[in-house]
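Counting convention: from 1, in listed order, for ligands and their atoms alike. Note that the structure is predicted; figures quoted are calculated from it, not measured.
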Amino acid sequence: MPADLPYELLRGALEAGVRGVRSKMGVDPDSRVRLPRAGSSWEEVERELAALRDQDTPEAFGRLSLYSLKGSSEVQAVCEKAHRMFFSRNALFAPYLPSVARMQIEVLDMCLGLLNAPSEAAANLTSGGSESLYCAIHAARDWAREHLPGAETPEIVAPYSIHAAFDKGCALMGLRLVRVPLARDYRADIAAMRSSITKNTIMIAASAPCWPFGLYDDIPALAELASSKGLWMHVDACLGGYLAPFAEAVGHPVPPWDFRIAGVTSISADLHKYGFAAKPCSTILWNHADLRRHHYQPITNWPCGLYLSEALLGSRPAGAVASAWAVMHFLGQEGYERLARAHLAVAAKLREGVEQIGPFRTWPSELAVFAFGSDEIDIRRVVAGMTTRGWFMMGNQEPPLVHMTLDAVSEAVLDAFLADLAQVTAEVRSGQATAVADLTYT
Ligand SMILES: *Cc1c(COP(=O)(O)O)cnc(C)c1O
């Protein structure tokens, strides 16, 4: 979304969608809904919820549409059951709930192990990749006040492909994000990043891999650059952080990105993506436990005494913590490896199938993302046609690309997807399909 797009536009799009759904369901589209005077039975409420749910694109989150990563239906079931067992507990109160405290600490221990963290490292559980990034930005800012006192308006130097949450976090915490144009291969341009460092720079950030293209930045080179300048190095592995260890274990080449690289200060990695935990669940890992001095904000000067939360949020669902713990135990190393193999097979089959259909240029995306564009046909028409057939697809604007996050879906789903894609492509080529999808909102 362009930075100058007024927020009313987005708001307007949401409200238009709501008006559409209300009209279809026989509710006055322009009324302001009020709390009903009398309550309803669960059966009535459930009926309405089901009708509402059916307004979404059919199977929008079920087929190849992978924006709600599932792993498999068994994994999903484990996740749901574990979540339900701890549904009513608040993870903010983990100090009073040994069950939640233990699950949280053990999940984080397992995560530190998976990312090859040194023994002095530590981690915190957060409610999503964005929050993990805000934690990294916040801790680095406070760390820099001690270690880089020359930085007046602290800056973060990052490749153009870094996640949007960086802009938001920097805006919230009074930092400036310097997005450096990408190299020709759409990865971080190391020389350009080096020359963007000023006396205000406190952090270098890069992705492993990035959301838009699924490409790994050269983390070893950037970590070395950060080390040589005494800067904080953050690796955003929100997307692939809990897929890469298993892909590597089954022999897939994964570029180096984790704590085995000297100079990596912090890593963000989402359990609610390829960890297959329920949302919201992510992790922020620090290469040394001492860095958490800059993370925690203990509050004592209010009537209740000490207030200390795990990360930025207060109340959090313990169900998400339980789901992460449960899925990690249900799958184990072997289960995650099995899913990683299936996932890699999906990526290979998609690539081959899409290339066979013809007018597409697939991207050398690594692991989590499969992206393709076209120099011949308008990719936005392809997205529109596929959406009409019930495939939920997102895109990239620069350049126009179809952007798919992969999951270990079945052969049958892949075949159906490729058959529809071949048909839509033929229609776009013959000029039959003229609808254009908007790739502006991710
Ligand atoms: C998903 C993602 C984020 C943001 O995570 P949320 O869980 O949506 O807050 C940040 N960075 C990358 C690379 C991501 O893929």
(message) Quick test of your reading of the model: are R361 and E355 salt-bridged, counting only N-O distances below 4.0 Å?
(response) no
(message) To the nearest 0.5 Å, what is the distance between CG on D258 and CG on L115?
(response) 5.5 Å
(request) Just jot down the ligand 1 atoms closer than 4.0 angstrom to any heavy atom of H272, in number order. (result) 7 (O)
(message) For atom 5 (O) of ligand 1, which of the options A237, S127, G129, S268 provides the nearest non-hydrogen atom?
(response) G129
(request) Return yes if a side-chain donor-acceptor contact under 3.5 Å exists between R338 and Q333, otherwise no. (result) no
(request) Please could you name the atoms of ligand 1 that D270 approaches to less than 4.0 Å, counting only its heavy atoms? (result) 1 (C), 5 (O), 7 (O)
(message) Ring-plane angle category for Y274 and F276, please: parallel below 30°, perpendicular beyond 60°, tilted otherwise.
(response) perpendicular
(request) Check whether any side-chain heavy atom of D218 sits under 4.5 Å from a side-chain heavy atom of R187, and report yes or no. (result) no
(message) For atom 8 (O) of ligand 1, which of the options S130, G128, C281 provides the nearest non-hydrogen atom?
(response) S130
(message) For atom 10 (C) of ligand 1, tell me which residue out of K168, E131, H163 has the closest non-hydrogen atom.
(response) H163
(request) Please state whether the rings of W232 and W286 are parallel, tilted or perpendicular, taking 30° and 60° as the class boundaries. (result) perpendicular
(message) Please list the nearest protein heavy atom to atom 13 (C) of ligand 1 with its residue and the distance rounded to 0.1 Å.
(response) D236 OD2, 3.4 Å
(request) Identify, by atom number and element, the atoms of ligand 1 in contact range of C238, meaning under 4.0 Å from any of its heavy atoms. (result) 2 (C), 3 (C), 10 (C), 11 (N), 12 (C), 14 (C)
(message) Determine whether a donor-acceptor pair (N or O, by modelled atom type, separation under 3.5 Å) exists between the side chain of N200 and the backbone of E152.
(response) yes
(request) Check K279 against ligand 1 and report side chain, backbone, both or neither, counting heavy atoms closer than 4.0 Å. (result) neither
(request) Could you check atom 1 (C) of ligand 1 against the protein and tell me its nearest heavy-atom contact, residue, atom and distance included? (result) K273 NZ, 1.3 Å
